[in-house]
Protein chains: 2
Amino acid sequence: MNPLIHELFQKSRFLSNEVNNTLNQHGLYASQWSVLYCIQLHEEMTLTQIWKYLNVEAPTITRTVTRLSELGWVEIHPGKDRREKSVRLTEQALKDFPAIKTSMIEFEDRMVSSLSSEEEILLIKLLQKIK
Amino acid sequence: MNPLIHELFQKSRFLSNEVNNTLNQHGLYASQWSVLYCIQLHEEMTLTQIWKYLNVEAPTITRTVTRLSELGWVEIHPGKDRREKSVRLTEQALKDFPAIKTSMIEFEDRMVSSLSSEEEILLIKLLQKIK
DNA sequence: AAAGTTAATTTAACTAGGTAAACTAATCTC
DNA sequence: GAGATTAGTTTACCTAGTTAAATTAACTTT
């Protein structure tokens, strides 16, 4: 395997394990957090808006949102268009959100702390060139 | 989500989809190929050697190797130590291997073609700094 | 207004990763 | 040599991504 692609996969797996470890104390998984986070950014989103925003396929979001709803993080209600489902955070989720966000920011800072801010920007730019 | 971590996850998902598309014509998935590839490098490997080499957990390799065996890519036989299982490529796999490798090298070259070789090396180095 | 098409979501089935715990063979310790 | 520990593998059960096909509501066309 090409060393760059190999390293990228290794790091992605490493980071997603680390994200899960960090979120574990809050009873969340990485993908659940990413959904909560983007809903919170937009206050309210339909499933289609979520999967387009996160750049994954629709069934992934159906499943994660269903689970988040079972766990009491989000509430789902029909949109104007009766085909679509609109999702927003519950009271409890809104209350817990800041503490989780703090944990995550702390974690993310620790993860990139070995890079200077120039290196971080450069790394993002180089990654964006792959397409 | 931190933009660097976000971009890394996005690229990892993008690349693994692309690898799967490339391998599709050979009837393989990305993780199956990575197992075949590392067995071929070492001629013969135990399950533990494989999962340590690929840096994933043991059950992942048990499952993938079982599937590869069902599909006729590898053969499994007991090692000296009767606890361990030794895996090597079948005749058929050895015959098909070069063509698949050619497809993959071509694919990998295309994927990193937007980077100069200096940029590629720099990108690897920056990724390695994350730990 | 009926028929056809498009859009939003879901279901089913697959790969691919993880943890926790069980099982069996090998090794260590006393 | 019996008992305890360690090592290799597996089983069970999660999350998390994919594609293909089904379902239902909305929109277009004629």
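So that the names make sense, note that chain A is the first sequence line, chain B the second, and so on, each numbered from 1.
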Taking atom types as modelled, find out whether B:E44 and B:S86 have a side-chain donor-acceptor pair closer than 3.5 angstrom. yes
Spacing of [X] atom [atom1] relative to [N] atom [atom2], expressed in whole Å:
| X | N | atom1 | atom2 | result |
| --- | --- | --- | --- | --- |
| A:K80 | D:dC27 | NZ | C1' | 17 Å |
| A:R67 | C:dT10 | CZ | P | 16 Å |
| A:L15 | D:dT15 | CG | P | 22 Å |
| B:W33 | C:dT15 | CH2 | P | 18 Å |
| B:H77 | D:dT9 | NE2 | P | 12 Å |
| A:Q32 | D:dG17 | CD | P | 10 Å |
| B:Q10 | D:dG17 | CD | P | 10 Å |

All N/O contacts under 3.5 Å from nucleotides 2-4 of chain D to the protein, with atom names and distances to one decimal?
none

Quick one: what's the B/S/- string for nucleotides 17-22 of chain C, heavy-atom cutoff under 4.0 Å, read 5' to 3'? BBBB--
Looking at A:Q25, I want to see if its CD is surrounded by more than 12 non-hydrogen atoms of other residues, nucleotides or ligands under 6.0 Å. yes
So does B:E70 have more than 12 non-hydrogen atoms from other groups sitting under 6.0 Å from CD? yes
Under-4.0 Å side-chain N/O to phosphate OP1/OP2 contact, B:R82 with C:dT24: no
Residues two or more places apart in sequence or in another chain: which of them pass side chain to side chain contact (heavy atoms under 4.5 Å, CB included) with B:I121? B:K125
Salt bridge (charged side-chain N to carboxylate O under 4.0 Å, His left out) partners for [X], two or more places apart:
| X | value |
| --- | --- |
| B:E118 | none |
| A:R83 | A:D81 |
| A:E7 | A:K11 |
| B:K101 | none |

Below 3.5 Å between N/O atoms, which protein atoms pair up with nucleotides 6-8 of chain D? Just atom names and distances, please.
{"residue": "D:dA7", "atom": "O4'", "partner": "B:R83", "partner atom": "NH1", "Å": "3.2"}
{"residue": "D:dA7", "atom": "N3", "partner": "B:R83", "partner atom": "NH1", "Å": "3.3"}

Residue list, ring pair (Phe, Tyr, Trp, His ring centres under 6.0 Å) with B:F97, at least two apart or on another chain: B:W33
Residues passing the side chain to side chain donor-acceptor pair (under 3.5 Å) test with A:R13, sequence neighbours excluded, are none
List for me each residue that meets side chain to side chain donor-acceptor pair (under 3.5 Å) alongside B:R110, sequence neighbours excluded, and say none if there are none. none
Nearest-nucleotide comparison on DNA chain D, the residue closer to the 5′ end among A:N20 and B:T62: B:T62
Value rounded to 0.5 Å, distance of CG in B:L123 from CD in B:Q128: 10.0 Å
Between B:P98 and B:K95, what is the shortest heavy-atom contact and its length? CD-O, 3.4 Å
Given the rule in the salt bridge (charged side-chain N to carboxylate O under 4.0 Å, His left out) test, do B:R88 and B:E43 qualify, once you have shown the distances and angles that lead to the verdict? CA-CA 6 Å; B:R88 65 182 144 189; B:E43 303 239 343; over 6 Å; no
Tell me, which of residues 68-76 of chain B have any heavy atom that sits under 4.0 Å from an atom in DNA chain C? none
